[in-house]
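See structure below.
Just follow the structure's listing: the first ligand is 1, and inside any ligand the first atom is 1.
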Amino acid sequence: MERGTLILARKDVEEIISIDKTMKAVEAALKQEFEMPPKIYLTSPKGDFRAMPVHLGKYVEIKWVSVYPENKNKGLPTVIATIILNDAATSLPLAVMDGTLITNYRTGAIGGIASKYLARKSSKSLGLVGAGAQARTQLLAISRVFDLSEVRVYDLDEKKRETFAREMSQRISGNLLEANSIRECVSEADIVSTTTPSREPIVLDEWIQDGTHINAIGADAKGKEELDPKVFRRAKIVVDDIRQAVHGGEINVPIEKGIITERDVAGTIMEVVKGKKIRERRGDVTVFCSTGLAVQDVATAAMVYEEALKKGLGKRIELF
Ligand SMILES: NC(=O)c1ccc[n+]([C@@H]2O[C@H](COP(=O)([O-])OP(=O)(O)OC[C@H]3O[C@@H](n4cnc5c(N)ncnc54)[C@H](O)[C@@H]3O)[C@@H](O)[C@H]2O)c1
């Protein structure tokens, strides 16, 4: 029996990963049975760490991921993750890999999957609030599902917005425009993805047209929120995991303030991909609250590992 552990660096993951493969792996995993306790948080002086364990089929996996907002001033990613993939049959550590790129791709993938099931089929326009790492994969994934004619991007940081527009316009067929305000970015969008670390509502309810689908991606820890809670009075809410969503997802602050309760949640993304219908009328507003699931990570990590074995990528070491 092979005892070595495969070490996969970012460059190895980069050689394998794509948004199409990640969406396929994540969507298939959401339809399966898995065991996934809610992530646990550790607060440190400059940010936080999260441990995310899961068992899916023949794999057990854990991601150890940090969110350090000030890292951007040091030229480092704000999100850094390491993944350990174990064999469920023997517990042997099969691989240790960079999880940062996997986090970005699997987060984009779930935005694409949620949009596929929740947004109107005729959706043509996308508004991206935030122009960082997650916004890039949101755009890649959503443009695989919809033939987007117009994408608007807004970021507080003008340089980031410009760089995003320059880089990403090469990768989609529709027009990519820089918006001068969040209002301009979202008010004519069929689909909106919010990917900022905001701790106060920045997208106002009055700017959201009837029929819009929103992927609320940025809020993934207690106290974070991007949407005006008034939107929840008319929106159908889908969460990825109710325990995580109540603790740190987009609905955490509105629930804490008593504006909505858990009973206002219409379903989970797992129920949605298995056939639960959420949108009833064209004018319904839908909000997908993503906190990030370990099952997204293991589905993507397993796909990367299996392809790395076939391609002979990575470095094998004997850990014990
Ligand atoms: N749901 C998930 O699964 C998941 C996964 C990864 C990251 N996240 C969260 O998503 C958020 C973004 O992560 P990232 O990796 O893209 O970070 P990033 O630093 O690469 O990008 C965030 C961008 O938001 C911009 N921004 C900050 N405040 C803003 C505001 N008020 N208005 C407009 N733009 C603003 C910043 O200038 C930056 O460009 C973080 O909160 C992170 O914790 C969620």
Under a 4.0 Å threshold between the charged nitrogen and the carboxylate oxygen, would [Y] count as salt-bridged to [X]?
| X | Y | answer |
| --- | --- | --- |
| Glu150 | Arg152 | yes |
| Arg243 | Asp241 | yes |
| Arg50 | Asp220 | yes |
| Asp20 | Arg144 | yes |
| Glu307 | Lys21 | yes |
| Lys11 | Glu15 | no |

What is the closest protein heavy atom to [atom], and at what distance does it sit?
| atom | value |
| --- | --- |
| atom 42 (C) of ligand 1 | Asp220 OD2, 3.6 Å |
| atom 21 (O) of ligand 1 | Gly132 CA, 3.3 Å |
| atom 35 (C) of ligand 1 | Thr196 CG2, 3.5 Å |
| atom 31 (N) of ligand 1 | Leu156 CD1, 3.7 Å |
| atom 14 (P) of ligand 1 | Gln134 CG, 3.5 Å |
| atom 10 (O) of ligand 1 | Gly218 CA, 3.5 Å |
| atom 5 (C) of ligand 1 | Thr107 OG1, 3.3 Å |
| atom 39 (O) of ligand 1 | Asp155 OD2, 2.6 Å |

Would you say NZ of Lys310 has more than 12 non-hydrogen atoms from neighbouring residues, nucleotides or ligands within 6.0 angstrom?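 Result for NZ/Lys310: open.
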Determine the interplanar angle of the Tyr41 and His247 rings, folded into 0 to 90°, and report it as parallel if under 30°, tilted if 30 to 60°, perpendicular if over 60°. tilted
What do we get for Thr291 next to ligand 1 when only non-hydrogen atoms under 4.0 Å count, side chain, backbone, both or neither?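 Backbone only.
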Under 3.5 Å between any N/O of Ile217 and any N/O of ligand 1: does that happen in this structure? yes
Tell me whether Ala133 has any N or O atom under 3.5 angstrom from an N or O of ligand 1. yes
For Tyr59 and Glu306, test the side chains for any donor-to-acceptor distance below 3.5 angstrom and give the result as yes or no. yes
Check whether the side chains of Glu226 and Thr196 place a donor and an acceptor atom closer than 3.5 Å, and report yes or no.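 A pair is found: one side chain offers a donor N or O, the other an acceptor, under 3.5 Å apart.
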Report, in ascending order of atom number, the atoms of ligand 1 lying under 4.0 Å from any heavy atom of [X].
| X | answer |
| --- | --- |
| Thr78 | 17 (O), 18 (P), 19 (O) |
| Lys224 | 40 (C), 41 (O), 42 (C), 43 (O) |
| Ser290 | 1 (N), 2 (C), 3 (O) |
| Arg106 | 3 (O), 5 (C) |
| Tyr154 | 33 (C) |
| Pro197 | 24 (O), 27 (C), 41 (O) |

Take Asp205 and Arg234 through the side chain to side chain contact (heavy atoms under 4.5 Å, CB included) test and state the conclusion after the steps. CA-CA 9 Å; Asp205 176 48; Arg234 60 182 172 125; 3.0 Å; yes
Judged by non-hydrogen atoms, does Lys160 sit under 4.0 Å from ligand 1? yes
